[in-house]
Each structure stands twice: as structure tokens, then as C-alpha cells.
Novice: 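If you scroll down you'll find the structure; I have some questions about it.
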Amino acid sequence: MADLLLTNARLIDPEAGTETFGSVLVKDGRINEILPQDVDLNDKRFPAGNVVDCGGKCLAPGIIDIGVKVCEPGERHKESFRTAGLAAAAGGVTTMVTRPDTIPTIDTPETLEFTKRRGAEMAPVRIAPMAALTKERAGREMVEMGFLMDAGAVAFSDGDNVVADNKVLSRAMTYARSLGALVMGHPQDPVLSKGGAVTSGKFASLRGLPAVSPMAERMGLERDLALVEMTGVRYHADQISSAVSLPVLERAKAQGLDVTAGVSIHHLTLNELDVGDYRTFFKVKPPLRSEDDRVAMVEAVASGLIDVICSMHTPQDEESKRLPFEEAASGAVALETLLPAAMRLLHAGAIDLPTLWRALSLNPAKRLGLAGGRLSAGAPADLVLFDPDAPFVMDRETLKSKSKNTPFDGQRMQGRVLRTFVGGEEVYARA
């Protein structure tokens, strides 16, 4: 593992909340020292010939993306660890926190071991797998959490298969609390939200589409947080998307509950009107919300009320998307578009880079107990070098993901990943 010196960089430090010019010295796969911008390259501490001039571009901790769906095992035609890993590296994502909603479900140590082994063999980035909360994500019987934690599970979630039985969920949370495990919930009332394709309102009525009220999210969150209060479990809401949920979240945090929340990049940068004339690439779960909700989510991230920004990368093949809107599968690929989409918030003046990277990297690392997310001595040298201003037009055919279901196809965007490093090794370099 070669030593590396990255010079002339605009350092984005989410922990200190600063942007400064400087250099980073990497030794043995870790950040050894943060140096001033002007360094003497003849200094014997620095690796001869292994110097990267960052050209004044931004250098930040690699993104830690919670909730990536890699469709292996079971649906490799949609996404594999190899293609997801290549997409992650191209998007500046150095750790993929993978979801358990595969075929079969990741609900045993054996399937989790497969995920870890396959990811280590095929993906150039780090893999941190989640496991299901209940067997087969069916909401009836909890998994063997202790064995799964021993096998490497970083969190437990049934994803969008919301556990409807409060007794089952409370027992699972109580057991998770005894182990110190993190439970990740999908705040939705499963009955009220069933069959909803868009958010209720005038737009849904005009399009004649089955709709779900944002109150379904609030009701689901209220239920989950009541059980969190009862059990004392560590809890993370995977996606908050509507303004009506924010007071509930704020109240839980004020009570001192061990609660964090995330939001997908699509709910920060798109709204319900983007669905337009039934464009299924904009069909995600939960559905896109109103512009007022979108603005409220951005403000919640800026204030720190919402802790994490994620891609919620969900590959779907053409056959699943080229259907009438109501029948089409939900989800969008986002590993490669996460960073440029986040730059929309920067260029709109809504959020600065250290705040963005707090939500993209530092907070996910802290919540999951991972070593990354920091730009300081001793941290893993998982880094992304990017140009926040580089313009381009998104062409979905250039994506490294097997599936091409991005809502940003054909859109003008800003922000290009130039290089990605994992443990000090370059895993992506823009040609």
C-alpha cells in the first residue's frame, strides 16, 4: 500500500465545519497528517513520485451511503456487486450500506456472509451490510440478531415492508436494545399508504393516480417513536419526506430519544410536479412531495434536524419501469447522481459543503459506528476529489449501474467526481 500526498486541495472537513486549502498525507491506508497548502515536496516525509496535485478542487471524506440496494443474490440482471461498486466509486461513495431486501432476504448469518464475501471480491469500495429485522421481512418473527451482528450486520431493517404488528416490533426493538443494535424504520402507515403512487393533492387528482397522504408518514413515525420511547432502542428513520413529520422528529430528539433520520437526494431536489405526464423514472417510495415539503426537507438538513442524506439507490430494469405509472416499480438509481444532485443545494445557496458532508459522510459513519467520514489524522483514507462547478448533461446510458432508471436523464447538472480513494488506493479516476 503506497504512501500518497494530495496537495493544493480545498479541504472539506465536516467535523470541524470548515473549508480550507491544504494538503493531505496518506500512509498505510490512513490519513497521516493534514498539512498547509504550501508544502516542500523535497521533504523526506513525502512519497517521491506519488503526489497528486488537486488543482484547487474539493477533497472530502468519501460518501457513506445508507440504504443501497444491490440486487445480489436473486436479481443480478438489475444490479450486481461489481456494477454497484463501480457506480459507487464513480459517484464518490466509498462505503455502501446495503439493504437486506434481496432474494432471498438477508436474514441469516449465511446469507449475510455471502453478501460480505461477494462484496469484498467484486466491489472496489467498502460494503457494510444491513440485515432484516424479521424473517423474510414478513413481520412475524424476529431474526437472530446476535448471530447476525457477529457476522457483521451494522443495522436491522425490513425496509418498506413495514412491520404492522406492534407486539412483534416492540419485541424486536426490546431485543435490539439489549444488544445495542440499530433498528432502521421506514415511517409509513402500511394500510393508509398501500397502493399509493403519488402524494395526494390537486396534481394527483388531475392525473387520476392513486394517492397517499403525507399523514401516512407522520402516523408511521409517531408509532415507531412511541415504541422507541417504550423500549429505549437506537432508531434511525430511513426517509423523512414531508413537513408534517418534522415536529414529531423534533419532539423525539428534544425528549432525548436515541433517534436519527435520513432523507433521499430525490426528495431534496425533486417534487411531485416532476412526474409530469406519468414519467415512471420519477416514481419512488415514498412518492415525491410538494415543493413546500421539499424546501422543508432542505431546511431540516441545513439545521441538523435531519441527520443523513442518502441515495436510496434502487435499480429497476426497463420491463419494471416501462409500464403504466400505477403499475410501474418504484425506485431510482442514484449512486452516481448523488453528488451532482447534492450540488444543486450548494449552488442554490441552501447548504454549504461542510454541512452537506456532515449529512453525506460524517453522520452516517457516527450512526453506524464506522471509522470513516472524517478528514483528520488517523481516519481511513477514504476520500473523494470533486469539482463542484463542472457542468454536464446527464446521459443515463453512461451510468455504470446495470439499470439506468435515473430521473435525472437529460438534465443539466453541476459537480463531477474526479478521483475516489479507498484506504489510500485509487479506485476511480475520471478520464
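Nothing fancy with the numbering, it's 1 onward along the sequence. Computed from heavy atoms alone, side chains included, the values below leave out hydrogens, waters and symmetry copies.
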Novice: Exactly one of Leu227, Val162, Asp158 should register a side chain to side chain contact (heavy atoms under 4.5 Å, CB included) with Leu169. Which one does?
Specialist: Leu227
Novice: Please name the pair of heavy atoms, one in Asp389 and one in His347, separated by the smallest distance, quoted to 0.1 Å.
Specialist: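 Result for this residue pair: OD1-CE1, 3.0 Å.
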Novice: Show me the donor-acceptor pairs, under 3.5 Å and distance only, between side chains in residues 196-203 and residues at least two apart or in other chains.
Specialist:
{"from": "Thr199", "atom 1": "OG1", "to": "Leu288", "atom 2": "O", "distance (Å)": "2.8"}
{"from": "Thr199", "atom 1": "OG1", "to": "Arg289", "atom 2": "NH1", "distance (Å)": "3.1"}

Novice: Of all residues at least two apart in sequence or in a different chain, which pass the salt bridge (Lys or Arg N to Asp or Glu O under 4.0 Å) check with Arg126?
Specialist: Asp382
Novice: Take Asp307 and Arg358 through the salt bridge (Lys or Arg N to Asp or Glu O under 4.0 Å) test and state the conclusion after the steps.
Specialist: CA-CA 8 Å; Asp307 307 87; Arg358 180 187 68 198; over 6 Å; no
Novice: Within 45 degrees of the ring normal and closer than 6.0 Å to the centroid, is that where the cationic atom of Arg207 sits relative to Phe325?
Specialist: no
Novice: Quickly, which of Arg396, His266, Gln411 forms a side chain to side chain contact (heavy atoms under 4.5 Å, CB included) with Thr406? Name it, please.
Specialist: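 Result for side chain to side chain contact (heavy atoms under 4.5 Å, CB included) with Thr406: Arg396.
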Novice: Using the test salt bridge (Lys or Arg N to Asp or Glu O under 4.0 Å), find all partners of Glu291 that sit at least two apart in sequence or belong to another chain.
Specialist: Arg294
Novice: One thing to verify: whether Asp387 and Lys57 come together as a salt bridge, which I'm taking to mean a side-chain N less than 4.0 angstrom from a carboxylate O.
Specialist: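 Yes, Lys57 and Asp387 are salt-bridged.
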Novice: Taking ring-ring contact (aromatic ring centres under 6.0 Å, His included) as the test, write out the residues that go with Phe156, two or more places apart.
Specialist: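 Counting only residues at least two positions away or on another chain, Phe156 forms no ring-ring contact (aromatic ring centres under 6.0 Å, His included).
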Novice: Taking salt bridge (Lys or Arg N to Asp or Glu O under 4.0 Å) as the test, write out the residues that go with Lys135, two or more places apart.
Specialist: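 Counting only residues at least two positions away or on another chain, Lys135 forms a salt bridge (Lys or Arg N to Asp or Glu O under 4.0 Å) with Glu141.
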Novice: Could you list the residues that satisfy side chain to side chain contact (heavy atoms under 4.5 Å, CB included) with Pro315, not counting sequence neighbours?
Specialist: Lys69, Cys71, Lys78, Glu79, His313, Val333, Ser403
